[in-house]
Every structure is written in structure tokens, then in C-alpha cells.
Amino acid sequence: MPTIIPFPARYSAFALCVTGLAVSLAVVLVAPHLWAAWVALVVFAALSGTGVHDLRQTRHAILRNYPVIGHLRFLLEFIRPEMRQYFIESDSEAAPFSRAQRSLVYQRAKGDPDNRPFGTQLNVTIAGYEWINHSMQPTRLENHDFRIVIGGTPQPAEANPAQVCTQPYSASVFNISAMSFGALSANAILALNQGAKLGGFAHDTGEGSISQHHRVHGGDLIWEIGSGYFGCRNEDGSFNAERFSANARDPQVKMIELKLSQGAKPGHGGVLPAPKVTTEIAAARGVRVGVDCISPASHSAFSTPIEMMHFIAKLRELSGGKPTGFKFCLGHPWEWFAIVKAMQATGITPDFIVVDGAEGGTGAAPVEFSDHVGAPLQEGLLLVHNTLIGVNLRHRIKLGCAGKVITAFDVARMMALGADWCNAARGFMMALGCIQAQSCHTGHCPTGVTTQDPVRQQALVVPTKADRVRNFHRSTLHALQELVQAAGLDHPQQITAHHIVRRISDTEVRLLSNLVMQVQPGALLGPLDKQHNVFRTYWPLASAESFQPVTQGPHGLVSNLPLAA
């Protein structure tokens with residue numbers, strides 16, 4: 001007898017569509033006046049056509065085996081992030097920011113009450129939980145406008161007067177981190193800068209330079225200069241001193257920040273594809289419209305630590321004496337130590353350094369870079385802070401930091417680890433209305449924050465969002481004020497690692513000061529035998545003359561050489 005091949009169940013949906021097509025066609029022929037039959041005919045014809053296409057295409061195996069119904073899998077995958085965010089994830093699950101963190105930003109940005117009833121939702125018995133110790137004699141502060149002065153610190157007698165900071169900047173301890181026009185929409189830049197103007201804090205331009213949208217409301221700017229030298233470049237991409245000076249001397253520009261690397265993709269350059277280089281972006285960056293905009297992985301204006309220090313001094317002089325520093329994510333420790341030795345050798349110090357953590361965000365980065373390149377903020381900040389103390393330079397250099405700073409406790413904790421101020425990028429994006437859709441790189445941002453689509457941008461109403469940016473900043477600093485008062489202090493700069501407690505296990509807690517590196521003033525100027533292993537191992541390898549290590553061991557430079565204890 002012949003073998004009967006059963007009809008595969010996976011084709012059932014396709015078969016039902018074909019059957020529906022045949023039935024609806026028959027009904028139309030019998031009763032053409034029935035509009036429902038015509039609708040059914042169109043629907044089943046479309047589904048049947050889709051099924052035929054699925055069987056013939058070669059790109060998706062799922063669709064070849066499951067015509068028509070296989071599309072359900074792609075639909076569910078498409079809406080999975082939203083379903084997870086709204087219905088599945090817990091309030092404290094951070095990916096990368098938890099619902100509780102996002103809700104706090106939204107409440108503060110809108111001016112809604114941010115108090116919480118019924119106690120903490122955190123597990124205070126789990127390892128890693130931290131708190132700040134309070135005082136039985138709290139202080140009472142007049143306001144929450146905590147500020148620090150960047151630049152203007154005493155310089156050595158032999159310092160070139162033309163290269164000394166003569167325009168120090170009084171900065172808030174909480175500012176907008178680097179986000180370029182191009183990565184953000186025009187309306188987002190307008191709202192951020194207007195919010196910074198209303199709240200009296202600074203707005204970092206990102207390496208995309210100063211666009212026309214940064215200038216509309218006149219908010220204080222930190223001009224970031226990346227390896228592409230956007231806004232101050234020659235046709236070949238090299239640095240142009242005249243163009244730099246013209247922009248840097250604008251009164252709206254308060255500080256100059258040389259970007260060496262960013263936490264989300266350290267050591268990685270970037271390319272803005274030609275179709276995305278619009279007239280506005282080209283004008284801001286000083287590049288040609290419709291041509292790939294290249295951001296190299298390293299700078300062409302200097303190649304050694306000593307040359308870098310002289311370049312920073314040059315930028316300070318060309319800017320008219322404005323505070324000038326650099327931003328980086330810590331990588332090879334000997335490279336950072338080489339920069340410090342260049343400071344010692346030349347007598348030139350930056351006015352500030354911003355330490356970017358590997359947990360920082362970006363519009364787009366390779367997954368391996370986001371997940372596995374660069375030091376996290378805590379480790380980077382601690383090493384930079386302690387190195388400067390160890391060579392007696394900390395008093396001349398202010399330290400900023402960035403990397404998932406959202407709440408007042410985040411600010412307090414970073415200041416306890418050595419920061420003078422904190423920057424936030426994604427927090428202020430959420431204040432603009434960002435819902436963490438994580439579609440920044442697609443141009444399809446649902447809230448108009450990270451898109452150049454003019455229609456999508458219209459959803460972001462600048463005056464309303466500017467108020468929310470100001471509110472988020474004000475409410476966060478008000479919360480910081482309450483923390484400082486509770487600790488019995490007068491300024492967040494007085495918070496130290498002695499004030500923060502960390503749970504180690506169910507039965508053990510320790511002060512953060514007993515867990516993190518602490519170097520005594522001047523300790524790196526003498527013998528290193530009693531210093532932390534990172535200094536004993538890498539300090540001798542560093543040279544002010546080169547970013548490369550001085551020597552290499554027989555088994556490779558980094559073999560069994562730990563970054564931290």
C-alpha cells in the first residue's frame with residue numbers, strides 16, 4: 001500500500017488562510033453586495049500572499065517552516081523590551097536603570113512628590129547594600145546650591161603667565177554630561193541648555209562641538225574637544241588653533257575639556273555615516289555635508305604625555321585663560337601614571353580631570369566595548385584621586401566623574417571616593433522624557449530625544465522639558481542637601497569614605513574607608529615598597545616621554561599583574 005504523508009501541522013495557519021481566501025472569494029462571487037466578504041477577501045489574500053512569500057524566501061528558516069504564523073515570533077520579539085519593562089521586571093532590577101530609578105527621575109523632573117511610603121524596597125541585608133552614617137547633631141544649611149571653583153589654583157612660580165587659568169569657573173556639583181548634537185536631537189539640546197540656564201549649572205557639549213542650538217538660550221557650556229577636533233579642525237582633520245580660539249573665547253563657553261576616551265567605548269573611534277551628516281551637523285562640526293564624519297581613536301595633536309601637557313597649556317592660552325582639563329576612562333594604569341609624570345616633568349597641570357566609568361552610556365557602541373572594556377567608575381576615580389594625592393598635585397586639580405549617577409546618594413558616594421563634582425547624561429535624558437527604549441542608534445526614538453527625524457522631534461516641547469531639566473537638578477541637589485545635613489556636614493565635599501558603610505555579608509559591615517585604596521600625601525614621591533600593588537607594579541613602567549611602558553617582562557607585560565587588590 002502507498003505511504004500516506006501526513007499534512008504538517010506547522011502549515012495549518014497557511015492552509016487556513018488559503019481556505020479563508022477560497023471561501024471569501026466564493027461568497028463574493030455569489031453575493032458581491034456583502035462588504036464584509038470583500039474585506040475578508042482582501043485580508044485572506046494578503047495573508048495567503050504572505051505565506052507564499054514566506055515559503056519562497058531564503059533569509060528566515062522560521063518563516064519557511066512556519067509560513068504566516070512565524071511572523072508572530074518576530075512581533076513578540078519586537079515588543080519584548082516593552083512587555084518586560086512594563087509587566088515583568090522588578091522595581092529594583094537595573095537594566096541599565098531600574099524602574100525605581102527612572103520613576104524617581106520622572107517624579108523630580110515633573111515636580112511631583114518623591115517621598116516613599118511604607119519603608120525601603122531594598123534588601124538591606126544583602127551584600128553590597130550601602131548607607132551613609134548620620135549625626136546626632138545635624139546641620140541646617142541655607143540652600144542646596146552647592147558649588148566649587150574650577151581653575152585659578154596657585155601655580156608654580158616658574159609657570160608661564162600666558163598659560164595660567166585666569167577665568168576660574170564656579171560650577172555646580174551636578175551638571176549635564178557630554179552628549180553631542182547629532183546623538184541628541186535639536187529640541188533635546190535646546191531643552192537641556194535652557195534647563196541649565198534656568199538652574200545655573202553647566203551643559204557639556206559632547207565631542208560634536210557647539211551647534212546653533214547650544215547658543216539659543218545661553219546656558220553655560222563645557223566645550224569638549226575630541227580626536228576629530230570638531231569645531232576647530234582643518235580640512236584634513238588636524239587641529240586648527242584659530243578656529244579653536246574663536247569658539248573658546250565665546251563668553252558662553254566656561255571650560256575646555258579634552259576628551260581622551262569615554263567610558264562606554266574607550267579606545268574606539270567613531271564614524272557618523274555620510275547620510276546623517278546634515279547641514280546643521282556639518283556646520284557645528286566643521287565638516288562637509290554628506291561626507292563620512294570620522295572621529296579617530298586617538299589624537300593627532302600629540303603623541304606623548306609631555307606633548308599632551310603642552311597641548312593642554314596651549315588650549316588654556318588660546319581660550320583666554322579658561323579652565324582646561326581632560327576626560328578619560330581609565331585603561332592601562334601605566335598610561336595614566338605617564339600623564340602624571342608628565343605633569344611633574346613640565347610643571348603643567350590641567351585645571352580639572354573628568355573620570356568616565358565603563359558603565360557610562362552612549363548612542364551606540366560594540367557590545368564587547370560596553371561590557372568588557374575600561375575600568376568602572378569606582379576603580380578609575382579611586383586610582384586617579386589617590387595618584388594625585390601621592391604626588392602632591394591633588395590640590396591643584398579638581399576631579400569630576402560620570403557613570404550612572406542618578407540620585408543624591410550616588411553624588412554623595414562619588415564625592416566620598418574623591419570626586420569634586422558629578423556629571424549625568426542619561427539622568428537628564430530621562431528628565432527630558434526618555435523611557436529607556438534603547439533605540440537611540442536607530443533614529444526611531446519614541447520621545448524625540450535621540451533622533452534627527454523632524455517629525456519625531458516635535459513631540460519634545462522645549463519650554464516644558466527645560467523646566468523638567470531644571471526641576472530634576474534642583475530636586476536632586478535638595479535631596480543632597482538633606483543628606484549633608486543629616487551627616488552633620490556643611491558641604492558635600494566634606495563627605496569621605498568614612499561616612500559610607502557597606503555590607504559585606506549577613507553578619508559583617510565595614511566603612512568604605514576600610515575597603516578602598518587610600519594613599520598618603522606625597523607617598524609616591526619616595527619608596528614604593530609599602531604602597532598599593534598597582535603602584536608597585538605599574539609606576540616604574542610609566543614614563544613622561546611615552547604612553548608605552550618602559551620595560552616588558554619575559555612573560556608579557558600584564559601577565560599576573562593585577563589592576564587592584
Side-chain angles (χ1 to χ4, degrees), residues 97 101-115 141-148 150 169-181 184-206 210-211 213-223 251-255 361 400 402 404-412 421-436 447-450 457-484 492:
F97 290 95
Q101 289 173 309
R102 300 194 303 271
S103 296
L104 182 64
V105 174
Y106 299 149
Q107 289 169 330
R108 288 180 170 171
K110 294 175 183 177
D112 294 340
D114 59 2
N115 298 322
L141 307 181
E142 293 301 322
N143 64 67
H144 55 259
D145 187 23
F146 300 117
R147 308 194 79 82
I148 59 164
I150 303 173
Y169 176 55
S170 177
S172 169
V173 298
F174 189 47
N175 301 289
I176 301 172
S177 195
M179 295 180 284
S180 301
F181 169 59
L184 298 191
S185 68
N187 282 12
I189 295 294
L190 287 166
L192 287 173
N193 195 256
Q194 186 177 9
K197 177 69 173 180
L198 294 171
F201 53 100
H203 178 193
D204 194 311
T205 65
I210 307 170
S211 71
H213 309 295
H214 287 93
R215 302 184 187 276
V216 172
H217 299 292
D220 291 353
L221 294 178
I222 300 171
W223 184 17
Q252 190 181 353
V253 175
K254 302 302 182 183
M255 300 202 302
K404 296 191 76 171
V405 176
I406 291 287
T407 70
F409 181 77
D410 296 334
V411 176
W421 87 89
C422 294
N423 295 332
R426 288 167 290 182
F428 282 103
M429 284 174 63
M430 286 183 248
L432 289 175
C434 168
I435 61 172
Q436 196 173 273
T447 58
V449 176
T450 62
Q457 287 188 52
Q458 291 177 2
L460 198 159
V461 180
V462 173
T464 300
K465 301 304 183 183
D467 282 337
R468 293 188 179 185
V469 169
R470 175 185 57 180
N471 290 342
F472 171 58
H473 176 268
R474 180 176 57 197
S475 297
T476 302
L477 287 193
H478 176 71
L480 181 62
Q481 175 190 5
E482 293 187 319
L483 286 181
V484 172

Once ring pair (Phe, Tyr, Trp, His ring centres under 6.0 Å) is applied, do any residues pair with His217, and if so which ones, sequence neighbours excluded? none
Apply side chain to side chain contact (heavy atoms under 4.5 Å, CB included) to Thr447 and Leu432, showing your working. CA-CA 9 Å; Thr447 58; Leu432 289 175; over 6 Å; no
Could you tell me if the side chain of Leu480 sits less than 4.5 Å from the side chain of His144, heavy atoms only? no
If the condition is salt bridge (Lys or Arg N to Asp or Glu O under 4.0 Å), which residues does Arg470 pass it with, not counting sequence neighbours? Asp467
Spacing of Phe409 atom CZ and Thr476 atom OG1 [to the nearest 0.5 Å]: 14.5 Å
For the CD1 atom of Ile150 and the OH atom of Tyr169, what is their distance to the nearest 0.5 Å? 8.0 Å
By side chain to side chain donor-acceptor pair (under 3.5 Å), which residues pair with Thr407, not counting sequence neighbours? Asp410
Under the side-chain contact (heavy atoms from CB on, under 4.5 Å) test, residues paired with Thr464 that sit two or more places apart: Val461, Arg468
Rounded to the nearest 0.5 Å, the CG atom of Leu184 sits from the CG atom of Leu190 at a distance of 11.0 Å
Atom CD1 of Ile189 and atom CD of Gln457: how far apart are they, to the nearest 0.5 Å? 10.0 Å
Heavy-atom pair of closest approach, residues Ala408 and Arg108: N-NH1, 4.3 Å
Here the gap from Ile176 atom CD1 to Thr205 atom OG1, rounded to the nearest 0.5 Å, amounts to 11.5 Å
Applying side chain to side chain donor-acceptor pair (under 3.5 Å), name anything that partners Tyr106, two or more places apart in sequence or on another chain. none
Can a donor-acceptor pair be found, under 3.5 Å and without considering hydrogens, that links the side chain of Gln194 to the backbone of Gly219? no
Using side chain to side chain donor-acceptor pair (under 3.5 Å) as the criterion, list what pairs up with Asp112, not counting sequence neighbours. none
Minimum heavy-atom separation for Arg474 and Asn471, please, with both atom names. NH2-OD1, 2.6 Å
Who passes side chain to side chain donor-acceptor pair (under 3.5 Å) against Ser475, sequence neighbours left out? none
Are any of the side-chain heavy atoms of Asn187 and Lys465 separated by less than 4.5 Å? no
Taken to the nearest 0.5 Å, the spacing of Leu192 CG from Ser185 OG works out to 9.0 Å
Non-hydrogen side-chain atoms of Leu483 and Val411 separated by less than 4.5 Å: no
List the atom of Phe181, the atom of Ser211, and the distance in Å for their closest heavy-atom pair. CD2-CB, 3.6 Å
Run the numbers on Gln101 and Leu104 for side chain to side chain contact (heavy atoms under 4.5 Å, CB included), then give the verdict. CA-CA 5 Å; Gln101 289 173 309; Leu104 182 64; 5.8 Å; no
Under 3.5 Å, which donor-acceptor pairs link side chains of residues 421-431 to any protein atom two or more places apart or in another chain?
{"residue": "Trp421", "atom": "NE1", "partner": "Asn423", "partner atom": "OD1", "Å": "2.9"}
{"residue": "Arg426", "atom": "NH2", "partner": "Glu359", "partner atom": "O", "Å": "2.7"}

Taking the side chain as everything from C-beta on, heavy atoms only, tell me whether Asn175 gets closer than 4.5 Å to Asp220. no
How are the rings of His473 and Phe174 set relative to one another: parallel (under 30°), tilted (30 to 60°) or perpendicular (over 60°)? parallel
Under 3.5 Å: donor-acceptor pair, side chain of Gln436, backbone of Phe97: yes
Solution key, residues 195-204 side-chain donor-acceptor pairs under 3.5 Å, sequence neighbours excluded:
{"residue": "His203", "atom": "ND1", "partner": "Asn193", "partner atom": "ND2", "Å": "3.2"}
{"residue": "Asp204", "atom": "OD1", "partner": "Gly206", "partner atom": "N", "Å": "3.0"}

